[in-house]
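Notes to accompany the following structure.
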Amino acid sequence: MLRTSSPILANIRAKVEAGERLTFDDGLLLESPEVPLPELGELANLVRERKHGDAAYYNINTHLNPTNVCVYRCTFCAFRSDLREAKGYWMNDEQVLERGREAVANGCTEMHIVGGLHHQAKYDWYRRVVSVLHENFPELHLKAWTPVEIDWFCRLTKKPVRWVLEDMIDAGLGSLPGGGAEIFHPEVRSKICEHKADSRRWFETHRTAHELGLKSNCTMLYGHIEQPYHRIDHLIRLRDLQDETGGFQTFIPLAFHPENTGLAHIKKPSGLMDLRMMAIARLMLDNIPHMKAYWIMLGIGTAQIALSYGADDIDGTVRHELIYHDAGATTPEIMSVAELERVIREAGREPIERDTLYHRIQRTADSWRAAEPIVAAV
Ligand code: V47
Ligand code: SF4
């Protein structure tokens with residue numbers, strides 16, 4: 001039973017307590033500024049604790065952005081570079097391998113690989129990023145490529161999505177990250193990332209990945225030009241695919257960071273909006289097991305509070321993050337395991353190290369192994 005009870009939420013509260021699904025209109029109501037944030041948080045926390053108790057998951061991970069040169073010009077992106085700009089880079093095999101060595105030496109279980117679509121890179125170069133890492137560091141899970149990249153690989157190879165995914169799995173791909181989703185509604189997508197893979201393609205890629213046995217994540221980029229109904233539409237599209245395939249593991253709400261982007265005139269979303277988005281996502285996405293409070297993007301303080309507003313995961317130690325730091329994030333570039341665990345405990349939760357596919361990790365002094373799967377209560 002919940003402590004607070006404003007009349008505006010009475011109907012939704014009854015549904016959440018009974019474990020019933022919320023509708024599009026319920027979502028719009030949750031978006032209303034009249035809904036008190038603490039009560040929204042309390043409802044989301046009810047769902048979060050039902051599924052995960054006090055557990056808060058993290059992993060030991062690193063990022064690799066093999067190039068920042070990109071043919072596209074998404075207005076929200078501070079990471080991309082033109083071909084001839086000084087900040088542009090393009091890694092060779094040795095540089096990629098060096099990142100693999102560093103990851104393994106630091107106990108990483110996961111490498112998150114995404115980047116630009118380089119004008120001159122052939123498909124084989126993208127494939128080699130994965131195969132070189134997998135051949136040399138088979139224990140490292142490679143969570144790589146968004147549907148935007150998979151769509152680009154389809155153009156380069158003139159092959160369908162299924163072929164590209166199968167070929168990447170053959171090279172060592174372990175799962176798909178959640179990026180490239182932005183806002184699915186065409187009223188927004190056509191303004192912020194007109195030319196890259198559209199929502200139909202995004203869903204085709206994740207559906208096909210799930211059919212091939214891959215797990216994946218999903219995201220939503222909020223706090224720019226979108227309206228509340230675009231966000232609820234976005235969440236419901238994700239929920240619909242999850243009903244079909246069950247392949248999403250984690251949803252990550254991504255707060256827009258305006259610095260150095262084409263939308264620099266827009267103010268960064270407040271911490272209050274971040275908490276509201278997390279709570280609404282937890283309530284709407286009843287069939288996605290995990291909600292991630294990505295500390296790099298939220299800041300450590302907001303990520304801690306988010307662990308009581310629906311989130312059960314805080315991402316990982318992270319190293320070499322560029323997308324948010326190029327766009328003005330002031331968070332550290334890395335957190336030690338001790339610090340991550342301290343941050344989680346301080347928020348009143350119990351830290352649990354997981355691998356990418358949500359198995360508990362057991363460590364000895366110099367090795368680790370994936371133990372039993374983590375199962376969310378329905
Ligand atoms: O698709 C780009 C977003 C995404 C900005 O799967 C921006 O575990 C805010 O998807 N301000 C990439 N957001 C990051 C991503 C992600 C992050 C952490 C974990 C996982 C996971 C996935 O970042 C892009 C885009 O939506 N983005 N630029 C910006 N200026
Ligand atoms: Fe390129 Fe991705 Fe940036 Fe868009 S978000 S410009 S596709 S790197």
Side-chain angles (χ1 to χ4, degrees), residues 6-16 20-37 39-41 43-44 47 74-76 147-148 178-194 196-204 206-207 217-244 248 251-258 261-263 265-288 291-292 297-298 306 309-311:
S6 65
I8 188 172
L9 276 182
N11 192 22
I12 291 182
R13 189 181 314 111
K15 282 191 183 177
V16 172
E20 280 172 34
R21 176 161 280 192
L22 301 184
T23 63
F24 182 87
D25 288 342
D26 292 332
L28 278 187
L29 182 68
L30 291 176
E31 284 271 3
S32 155
E34 281 149 54
V35 170
L37 180 59
E39 197 171 341
L40 185 58
L43 271 181
V47 178
C74 304
T75 57
F76 56 81
V148 177
E182 325 314 358
I183 288 283
F184 294 130
H185 200 294
E187 283 169 10
V188 176
R189 205 168 180 88
S190 63
K191 294 199 179 82
I192 62 172
C193 52
E194 187 186 355
K196 75 181 188 187
D198 62 10
S199 61
R200 191 192 53 77
R201 197 68 162 158
W202 195 95
F203 280 99
E204 180 191 353
H206 280 265
R207 182 181 288 106
N217 291 341
C218 49
T219 59
M220 174 175 76
L221 176 65
Y222 65 87
H224 43 94
I225 62 164
E226 88 287 358
Q227 295 297 316
Y229 73 92
H230 297 126
R231 296 194 287 262
I232 301 302
D233 170 76
H234 188 98
L235 297 177
I236 288 184
R237 290 184 199 220
L238 291 172
R239 191 171 75 182
D240 287 347
L241 181 62
Q242 182 72 343
D243 275 346
E244 248 182 74
F248 289 129
F251 175 76
I252 310 119
L254 297 173
F256 176 51
H257 281 47
T261 75
L263 299 173
H265 58 283
I266 294 177
K267 226 168 134 252
K268 184 171 175 288
S270 66
L272 298 180
M273 180 167 191
D274 294 335
L275 294 174
R276 203 170 270 277
M277 289 304 109
M278 182 62 75
I280 292 174
R282 180 62 288 171
L283 291 169
M284 294 303 294
L285 298 174
D286 54 3
N287 54 2
I288 298 190
M291 297 286 129
K292 187 184 281 189
M297 170 269 297
L298 289 175
Y309 274 73

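Atom set for the values below is all heavy atoms of this structure, side chains included, hydrogens, waters and symmetry mates excluded. Position 1 is the first residue of the sequence, and the numbers go up from there.
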Original post:
Just by modelled atom types, is the Ala279 backbone N or O under 3.5 Å from a matching donor or acceptor in the Arg276 side chain?
Top reply: no
Subject >> Test: Arg237 and Asp233 ion pair at under 4.0 Å >> reply: yes
Original post:
Of the non-hydrogen atoms in Trp202 and Pro147, which two are nearest, and what is the gap between them?
Top reply: CD1-CG, 3.4 Å
Subject >> Closest heavy-atom pair and its distance - Met278, Pro253 >> reply: CE-CG, 3.7 Å
Original post:
So, the side chain of Asp26 versus the backbone of Thr23: is there a donor-acceptor pair under 3.5 Å, distance only?
Top reply: yes
Subject >> Check ion pair Lys15-Asp286 (N to O, under 4.0 angstrom) >> reply: no
Original post:
Stepwise, does the side chain to side chain contact (heavy atoms under 4.5 Å, CB included) test hold for His224 with Ile183?
Top reply: CA-CA 10 Å; His224 43 94; Ile183 288 283; 3.8 Å; yes
**OP:** Using a 4.5 Å cut-off on heavy atoms from C-beta on, say whether the side chain of Leu37 contacts that of Tyr309.
**Re:** yes
**OP:** Indicate the atoms forming the closest heavy-atom contact of Leu28 with Pro228, along with that distance.
**Re:** CD2-C, 4.2 Å
**OP:** Output yes when a side-chain donor or acceptor of Thr219 lies under 3.5 Å from a complementary backbone atom of Gly178, and no otherwise.
**Re:** yes
Original post:
Which atoms form the tightest heavy-atom contact between Arg282 and Ile288, and what is the distance?
Top reply: NH2-O, 2.7 Å
Subject >> Side chain proximity check, Ile12 to Leu283, heavy atoms < 4.5 angstrom >> reply: no
Subject >> Steps toward side chain to side chain contact (heavy atoms under 4.5 Å, CB included) verdict (Arg21, Asn287) >> reply: CA-CA 9 Å; Arg21 176 161 280 192; Asn287 54 2; 3.4 Å; yes
**OP:** Run the numbers on His230 and Tyr222 for side chain to side chain contact (heavy atoms under 4.5 Å, CB included), then give the verdict.
**Re:** CA-CA 10 Å; His230 297 126; Tyr222 65 87; over 6 Å; no
Subject >> Heavy-atom closest contact (Pro269 atom, Met273 atom, distance) >> reply: CB-SD, 3.9 Å
Original post:
If you take all heavy atoms of His185 and Tyr229, which pair is closest and at what distance?
Top reply: NE2-CE1, 4.3 Å
Subject >> From CD1 (Ile236) to CG (Leu285), nearest 0.5 Å >> reply: 9.0 Å
**OP:** Look only at the side chain of His257 and the backbone of Phe76, and say whether a donor-acceptor pair between them is shorter than 3.5 Å.
**Re:** no
Original post:
Which residue pairs satisfy the salt bridge (Lys or Arg N to Asp or Glu O under 4.0 Å) criterion with at least one member in residues 181-193, sequence neighbours excluded?
Top reply: Glu182-Lys196
**OP:** Would you check if the side chain of Arg231 reaches a backbone N or O of Gly223 as a donor-acceptor pair within less than 3.5 Å?
**Re:** no
Original post:
Should Met277 and Glu31 count as side-chain neighbours, where that means a heavy-atom distance under 4.5 Å?
Top reply: yes
**OP:** Look at Glu204 together with Arg207 and state whether they make a salt bridge at an N to O cut-off of under 4.0 Å.
**Re:** no
**OP:** Could you walk me through whether Ile280 and Ile232 pass the side chain to side chain contact (heavy atoms under 4.5 Å, CB included) test, one step at a time?
**Re:** CA-CA 9 Å; Ile280 292 174; Ile232 301 302; 4.0 Å; yes
Original post:
So how far is it from Phe251 CZ to Lys292 NZ, rounded to the nearest 0.5 Å?
Top reply: 12.0 Å
**OP:** Flag the pair Ile266 / Thr261 as yes when at least one side-chain heavy-atom distance between them is below 4.5 Å, and no otherwise.
**Re:** no
Original post:
Going from CG on Asn11 to CG on Leu29, what distance comes out if it is rounded to the nearest 0.5 angstrom?
Top reply: 8.5 Å
Original post:
Residues two or more places apart in sequence or in another chain: which of them pass ring-ring contact (aromatic ring centres under 6.0 Å, His included) with Phe203?
Top reply: Phe184
Original post:
Is the backbone of Met284 close enough, under 3.5 Å, to the side chain of Arg239 for a donor and an acceptor to pair up by distance?
Top reply: yes
